[in-house]
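These notes are about the structure you will find just below.
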Protein chains: 2
Amino acid sequence: MPTPQSLTQAERTAISDRAMLAAAMELILQHGIEKTTLQSIGERAGYSRGLATYRFGSKAGLLDEVCKSISRRWLDFLNERVGEQIGIDAMCTALDSFFEFISRYPSDAQVLQILYGGAASPTSEFRQTSANIHQRQMDDVANWVAAGVATGSIRDDVDPKSVAAQYIAYISGMTYLWLISSPSVDFEKANDDMKTHLRLSLQSDSEKIARSTK
Amino acid sequence: MPTPQSLTQAERTAISDRAMLAAAMELILQHGIEKTTLQSIGERAGYSRGLATYRFGSKAGLLDEVCKSISRRWLDFLNERVGEQIGIDAMCTALDSFFEFISRYPSDAQVLQILYGGAASPTSEFRQTSANIHQRQMDDVANWVAAGVATGSIRDDVDPKSVAAQYIAYISGMTYLWLISSPSVDFEKANDDMKTHLRLSLQSDSEKIARSTK
DNA sequence: GGATACTTGTTAGCAACAAGCAAGTGAGTA
DNA sequence: TACTCACTTGCTTGTTGCTAACAAGTATCC
């Protein structure tokens, strides 16, 4: 048994793991992916130059973990807010949530987008991770749309999968533009306009009447 | 003066330049950015291991050139097709053109998207290039929208810059999704739906009547 | 003869792996 | 319960091959 001031093996790895993921995020944000070295990550986390390689196997393995770790936080954040909503309401809430996430945790959002960019390279070992996350989000949106069609709030001639692809593409592209040219893109205004356009292009006629007579 | 079978200095650089850019594209497509070496580019182009470094100064310099070279082809392709169109017509034609470009020159489109991804990294020396290209495209779209508003075909309560950002974000995001998960994204169908949604959300009421009575 | 395209020599830094060290763990014994 | 000793696991250091980048040299053009 470890003494009070000592740690179990599991605690030691948990601590070093968190320290290294945090260090990796800082360094990626400062210097980008290619100039972030496994050596600097280990040392900034307070360990030796070799620990990052030992723990994550390779640079790609580490980036994959950072990617998964941030994605998990984002998906939890999103689910908390969207809850059981469906249809256009869910899509609008998700847009608001995304803007809130970007405002509250800009570092997380920036690093995630940088990693998604790196995942575009063929043979990138975390391309699959990015593809899975995007696919999962598209599936969620497609379900919201399908449910909206089923309950009559969304026009029945829209294809849920196609709308979902457009919606995720919009968010992904908007985040990219925000990252590479922050000042010239008014994310919040674009989101507000997007919500208007979502209603204009997806809402069923009956729903339009119902909402206008309120 | 060079003999018939010999070449002028300008011709020599033009030839080696083209050969290296082509080699770089092939290698990036096969192995991704980080596993593409300046040595392999020079050698695949039929030269020594050092020429790529000598000509482009650095790896970032070379990637920047590849990025600019493909972007130029795409923008020419687009301008040929959109011509003097404005408003929703220009936006729809641009969507069709983009799908045509991706279908006819998939390698160009893939490499360009891979490079845009790499440009997301801070300190990436071609981040500015990507920002400029995206900004220029957004400005063009904003002008189309503004012209559409001016001629009455687009509702006058839309903000051209905001719509332009959404439109470019959609194309950028869609290309990313297409790159990382080709089979599950039906680009053509999404584009067709997008054209419908553009009309539903942007078209002015007078234009809707005019088109429906045709 | 000078300038320009291109090649070869060299160096510092990196990822990745292997071998070693140190701290934690758990079964057996009394 | 308390101690021990073999074993496991976290972590560090030594090393190698590869790469970008630069400097110095050679060949081709002007």
Side-chain angles (χ1 to χ4, degrees), chain A residues 1-24 27-28 30-66 115 118 121 123-126, chain B residues 1-24 27-28 30-66 115 118 121 123-126:
Chain A
M1 259 319 252
T3 59
Q5 61 264 48
S6 76
L7 300 164
T8 65
Q9 304 269 50
E11 283 169 337
R12 293 212 297 176
T13 49
I15 290 169
S16 61
D17 237 66
R18 254 178 289 136
M20 283 197 293
L21 289 179
L27 289 166
I28 289 169
Q30 272 179 25
H31 307 118
I33 293 179
E34 68 267 24
K35 284 183 183 169
T36 295
T37 67
L38 292 169
Q39 175 172 349
S40 65
I41 291 169
E43 286 169 350
R44 171 174 289 225
Y47 296 86
S48 70
R49 64 178 174 77
L51 185 58
T53 307
Y54 167 76
R55 182 65 51 79
F56 299 102
S58 68
K59 189 169 179 177
L62 178 126
L63 297 176
D64 195 31
E65 281 307 314
V66 176
L115 291 173
S121 241
T123 75
S124 163
E125 294 179 41
F126 56 108
Chain B
M1 263 313 253
T3 57
Q5 60 264 49
S6 77
L7 301 162
T8 65
Q9 304 268 52
E11 282 168 339
R12 292 212 301 174
T13 49
I15 289 169
S16 60
D17 237 66
R18 255 178 288 134
M20 283 196 292
L21 289 180
L27 289 166
I28 289 170
Q30 272 178 26
H31 307 118
I33 293 178
E34 69 266 26
K35 286 182 182 170
T36 295
T37 66
L38 291 168
Q39 175 172 349
S40 64
I41 291 169
E43 286 169 351
R44 171 174 288 225
Y47 296 86
S48 71
R49 64 179 174 76
L51 185 59
T53 307
Y54 168 76
R55 181 66 49 80
F56 300 102
S58 67
K59 189 169 178 176
L62 176 126
L63 295 177
D64 195 33
E65 280 308 315
V66 176
L115 291 173
S121 241
T123 75
S124 163
E125 293 178 41
F126 56 107

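Convention: sequence-line order gives letters A, B, ...; per-chain numbering from 1. Keep in mind that this is a model prediction, so the values were computed, not measured.
- Arg49(B) has its CZ atom 8 Å from the P atom of dG9(C), to the nearest Å.
- If you check every strand for non-hydrogen atoms under 4.0 Å, Thr37(A) touches sugar and phosphate atoms only.
- Here CD1 of Ile41(A) is found 4.5 Å from CG of Leu62(A). Values are rounded to the nearest 0.5 Å.
- The OH atom of Tyr47(A) sits 14 Å away from the P atom of dA23(C) (whole-angstrom rounding).
- Thr36(A) places none of its side-chain heavy atoms less than 4.5 Å from the side chain of Leu63(A).
- Checking dG10(D), dT28(D), dT19(D) against every side-chain atom of Gln39(B), the shortest atom distance belongs to dT19(D).
- Nearest nucleotide to the Lys59(B) side chain, out of dC30(D), dA20(D), dA15(C): dA20(D).
- The listed nucleotides are dA23(C), dA16(C), dT7(C); the one nearest the side chain of Arg12(A) is dA23(C).
- Rounded to whole Å, the distance from NE2 on His31(A) to C1' on dG13(C) is 15 Å.
- Minimum atom distance to the side chain of Leu38(B) is reached by dA20(D), of the listed dG10(D), dA20(D), dT12(D).
- In this structure, Leu63(A) places its CG atom 10 Å from P of dA15(C), rounding to the nearest Å.
- Residue Tyr54(B) holds its OH atom at 11.0 Å from OG of Ser48(B), rounded to the nearest 0.5 Å.
- Remark: C1' of dC22(D) and CZ of Phe56(B) are 18 Å apart, rounded to the nearest angstrom.
- Across the protein-nucleic acid pair, Leu51(B) atom CG and dG25(D) atom C1' stand 15 Å apart, rounded to whole Å.
- Residues Ala10(B) and Ala60(A) both approach DNA chain C. Their nearest nucleotides, taken by heavy-atom distance, put Ala10(B) toward the 5′ side.
- Closest-nucleotide positions on DNA chain D for Glu34(B) and Gly50(A) were compared, and the one nearer the 5' end corresponds to Gly50(A).
- Note that NZ of Lys59(B) is 12.0 Å distant from CD of Glu125(B), once rounded to the nearest 0.5 Å.
- Between the C1' atom of dT7(C) and the CE atom of Met20(B) lies a distance of 13 Å, rounded to the nearest Å.
- Within the nucleic acid shown, Thr36(A) comes within 4.0 Å of sugar-phosphate atoms alone, with no base atom in reach, counting heavy atoms only.
- Atom OH of Tyr47(B) sits about 6.5 Å away from atom CD1 of Ile15(B), to the nearest 0.5 Å.
- Atom OH in Tyr54(A) sits about 15 Å away from atom P in dA19(C), given to the nearest Å.
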